[in-house]
There are 2 protein chains.
Amino acid sequence: MLNEKMLGLGTASSAIRQLFEYGKARKAEIGDDKVYDFSIGNPSVPAPKSVDDTIKNLIENEDSVLLHGYTSAPGDLNVRSKIAAYIQEKSGVEATAANIYMTCGAAASLTITLNALANEGDEVILLAPFFPEYRVFAEKAGFKCVVVNCREPDFQIDINALSSAINKNTKAVIINSPNNPTGVVFSEETVISLAKLLEEKQKEFSKEIFLISDEPYRELVYGNVTVPYPQKYYNNTIVCYSFSKSLSLPGERIGYIYVSPKCKDAGLVFAAVCGAGRALGFVCAPSMLQRVVAENLGNTADVSIYNKNREILYNALSEYGYTAVKPDGAFYLFVKSPEKDAAAFAEKAKKYELLLVPSDSFGMGGYVRISYCVSTSQIENSLPSFKALIEEYK
Amino acid sequence: MLNEKMLGLGTASSAIRQLFEYGKARKAEIGDDKVYDFSIGNPSVPAPKSVDDTIKNLIENEDSVLLHGYTSAPGDLNVRSKIAAYIQEKSGVEATAANIYMTCGAAASLTITLNALANEGDEVILLAPFFPEYRVFAEKAGFKCVVVNCREPDFQIDINALSSAINKNTKAVIINSPNNPTGVVFSEETVISLAKLLEEKQKEFSKEIFLISDEPYRELVYGNVTVPYPQKYYNNTIVCYSFSKSLSLPGERIGYIYVSPKCKDAGLVFAAVCGAGRALGFVCAPSMLQRVVAENLGNTADVSIYNKNREILYNALSEYGYTAVKPDGAFYLFVKSPEKDAAAFAEKAKKYELLLVPSDSFGMGGYVRISYCVSTSQIENSLPSFKALIEEYK
């Protein structure tokens, strides 16, 4: 009677969501401050004041019919121009309004892009560990997913493994840097090697292979780390962006797709993006929020709090004997499970009221993800539990 | 290289959009007030002041992380409860939060519902004239579209024609009342006959047939007209709602799906809706706007302006010799073309700077749609052109 796949997706909640729900119930039982919930990647710092100021200013001074009315399907032209100018300035690669399609956030950016590209028999490569919804989005669009593990222990791309996985059916590769769940930023060296490989494979198979760069964490980096712009190194690049994390607006659903003008037939790629947005029912991105983000390019929520959390957590866990790659970005720490079965380890962690997501959800066993977008006090209070947990394995 | 269907949808802009673009160019040429653009169904009256007041209040008094953060995928529980209570009070049919899934507007409501239901070989029935995107949404979801014309001249449902079109593959029927493009409201008699027919057909074919009721114009009715609630008459009803027209917020993308608790396996239908929303990349409806609409249930933009436009336009055109059914709702007038070829008539209208949409776009020949959600002065100034146009046919 119903579509079985959709029913399956609607009934089987994700491991992350299940853990989050367990945490809510457990907090109700023993108290909020007694449960150390590290399950969800929900920004914990407020949006910058400039965001709310922009909203108030628009409400007070802009014509209601214009402010809340339909924009054209790819977005308000002025907004798209401003974003394009910003990207061009930062990346050094040309960008105009004609390359920008405003979306309802990163998930929409990805589903629209994937639906624009997918033909029967096409494959998309996911680099494990990866955000679990990639598989859901790609399969619904009609792709077969092929998983390639990243290199351990630094979680850069394993170029040889990727090379072996690319074949005549490969239509696209999705990268995500800074990465969820590892927090790793792909180095310039990695991106250059990736670009070189994809160019060779394009020649070998006489076809286009698209690099889909999912970048919601671009602005969340620490120290002097910079995130390379893949469009500088590879022509067939499509960037999927969201303001959810940089401006702490995840519920507002606002982002964009940038189709590099250096893509083969970039105008047609953009047209297919428009067609997919239309067929999936997106109409336009939320109109007022389009205006708000255009006025806040380069602004970010206060990421120094995430950095503080990162330092405390990484240093303490290293001292206790845990192994993890120190994250350069995002707000996740990817910790090696002291036993082979990460799910069993995460289950054990619950005894200490620590809610950690086993990495199996991300397409790779043996690790747990810790989301440190929480209060610093939660980090500090949880440390004795982390210590006691690892003692069990000594 | 790209998905050809998506490319086609992205390059071939709709007849409505083409006419709108022609109008913009023409206005630049001869002046805004010289072109009578009746092409687009974009609300022309501002959102009620209470909407902007609610936004300001939320920005000033609500915690930023809560206000702009993710809600659960079906929406904020409190918002869903309020909407459910409102629907129950108005319709007399039970509704709880468990029946409400918040969406990014009517298009999203429809694509999510259609993707939740579609299996290979399934057919959906569209009642012509219909909103052209229905076909785009339904085909992308995997449906075969079957078109049944409404009864002329009153544009109520032709129950006999519908009966002949339903077969073992029929999964759903989409209705839209008040209707775009006719402005007609389906009477209680029509809805009762429809419900009776669908019940008979469910028995005949031993299967569920869903009634998808697309209701963005529910609050836009004139005089003492009431719009029947289909869930009162038929169990397997799914309502697709949007606040775009009632609150003049079309760009903000906010609406909901109501799965009647009387649906067969309503909980599973709701789960399939959740799964489809997830796979299409919707994550959640814009979080602040969810709160805003929940505080504005029952409020509407000032529809008296549309009513005034309707009266002036309908009376004048009738006097000049045009034939149209007087609309009871929405903001469209559906006028019989004085020549068989409505596209040729609309082309002739351009000579008088009148931009009218030929009904072929809506799956039925022989009419033009006039969107009267424009300034009253545009209506008044356009009347001599309408008069001169019909004179050509006398």
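Chain letters run A, B, ... following the sequence lines, proteins first, then strands; residues in each count from 1.
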Heavy atoms only, distances under 4.5 angstrom: which of A/Glu120, A/Glu252, A/Met1 has the most pairs with chain B? Name it, please.
-> A/Glu252
Mind checking whether A/Tyr134 and A/Phe137 have ring centres under 6.0 Å apart?
-> no
Check the surroundings of atom NZ in A/Lys56: do more than 12 heavy atoms from other residues, nucleotides or ligands lie under 6.0 Å from it?
-> yes
Any side-chain donor-acceptor pair under 3.5 Å between A/Glu4 and B/Asn119?
-> no
Would you sort out whether A/Lys171 and A/Glu123 count as a salt bridge (charged side-chain N to carboxylate O under 4.0 Å, His left out), showing the intermediate values?
-> CA-CA 6 Å; A/Lys171 174 65 75 68; A/Glu123 296 179 2; over 6 Å; no
By a 4.5 Å heavy-atom criterion (distance strictly below it), what part of B/Arg253 contacts chain A: side chain, backbone, both, or neither?
-> side chain
Measure A/Ile55 against the heavy atoms of chain B and call it side chain, backbone, both or neither at under 4.5 Å.
-> side chain
Tell me, out of A/Leu9, A/Ile112, A/Leu117, A/Asp122, who's got the most heavy-atom pairs with chain B below 4.5 Å.
-> A/Leu9
Evaluate the criterion side-chain hydrogen bond (donor to acceptor under 3.5 Å, both in side chains) for residue pair A/Tyr241 and A/Thr103; output intermediate values, then yes/no.
-> CA-CA 9 Å; A/Tyr241 187 81; A/Thr103 66; over 6 Å; no
NZ/A/Lys168: more than 12 non-hydrogen atoms of other groups inside 6.0 Å = no
Between A/Ala108, A/Ala73, A/Ala116, A/Ser72, the one whose heavy-atom pairs under 4.5 Å with chain B are most numerous | A/Ala116
Heavy-atom pair count under 4.5 Å with chain A, highest-scoring of B/Ala107, B/Ala276, B/Ala272 | B/Ala272
Examine whether an atom of A/Ser109 lies under 4.5 Å from a heavy atom of chain B, and if so say whether it belongs to the side chain, the backbone or both; otherwise answer neither.
-> neither
Should A/Tyr306 and A/Ser44 count as side-chain neighbours, where that means a heavy-atom distance under 4.5 Å?
-> yes
Measure distances from A/Phe270 to the heavy atoms of chain B and classify the residue's part below 4.5 Å as side chain, backbone, both or neither.
-> neither
With chain A, which of B/Leu268, B/Leu114, B/Leu289 has the greatest number of heavy-atom pairs at distances under 4.5 Å?
-> B/Leu268
Given side chains that start at C-beta, do those of B/Pro48 and B/Leu247 come closer than 4.5 Å, heavy atoms only?
-> yes
Do B/Ile305 and B/Asp302 come within less than 4.5 Å of each other through their side chains, counting heavy atoms only?
-> yes
Would B/Asn115 and B/Lys140 count as a side-chain hydrogen bond (donor to acceptor under 3.5 Å, both in side chains) if you check the C-alpha gap in whole Å, the side-chain angles of each, and the deciding distance to 0.1 Å?
-> CA-CA 8 Å; B/Asn115 278 275; B/Lys140 173 66 177 157; over 6 Å; no
Counting heavy-atom pairs under 4.5 angstrom with chain A, the leader among B/Ala271, B/Gly277, B/Ala301 is B/Ala271
Checking heavy atoms, do the side chain of A/Glu60, its backbone, both or neither come under 4.5 Å from chain B?
-> side chain
For A/Val269, is it the side chain, the backbone, both or neither that has a heavy atom under 4.5 Å from a heavy atom of chain B?
-> both
Can you tell if the side chain of B/Ile100 reaches within under 4.5 Å of the side chain of B/Pro74, non-hydrogen atoms only?
-> no
Based on non-hydrogen pairs under 4.5 Å, which of B/Ala106, B/Gly275, B/Gly251, B/Ser248 is most in contact with chain A?
-> B/Gly251
Under 4.5 Å heavy-atom distance to chain A, tell me which part of B/Phe282 shows up: side chain, backbone, both or neither.
-> both
Heavy-atom neighbours of A/Lys24 NZ exceed 12 at 6.0 Å = no
Quick one: what part of A/Glu139 sits under 4.5 Å from any heavy atom of chain B, side chain, backbone, both or neither?
-> neither
For chain A, the option from B/Cys274, B/Ala47, B/Ser244 that forms the most heavy-atom pairs under 4.5 Å | B/Ala47
Just wondering, do A/Asp53 and A/Asn57 contact through their side chains at under 4.5 Å, heavy atoms?
-> no
Heavy-atom distance under 4.5 Å to chain B: side chain of A/Ala118, backbone, both or neither?
-> backbone
Measuring heavy-atom distances to chain B, does A/Ala285 have an atom under 4.5 Å in its side chain, in its backbone, in both, or in neither?
-> backbone
Has the side chain of B/Asn296 got a donor or acceptor atom that lies under 3.5 Å from a matching backbone atom of B/Asn299?
-> no
Residue A/Glu208 versus chain B: region with a heavy atom under 4.5 Å | side chain
For A/Ala12, is it the side chain, the backbone, both or neither that has a heavy atom under 4.5 Å from a heavy atom of chain B?
-> backbone
What part of B/Glu133 is in contact with chain A, defined as an atom under 4.5 angstrom from a non-hydrogen atom: side chain, backbone, both or neither?
-> side chain
Could you check which of A/Leu7, A/Thr111, A/Leu2, A/Val65 has the highest count of heavy-atom pairs closer than 4.5 Å to chain B?
-> A/Leu2
Specify which of A/Val136, A/Asp63, A/Asp265 makes the most heavy-atom pairs with chain B at under 4.5 Å.
-> A/Val136
Per-residue tally against chain A (heavy atom, under 4.5 Å) across B/Thr11, B/Asn42, B/Leu66 peaks at B/Asn42
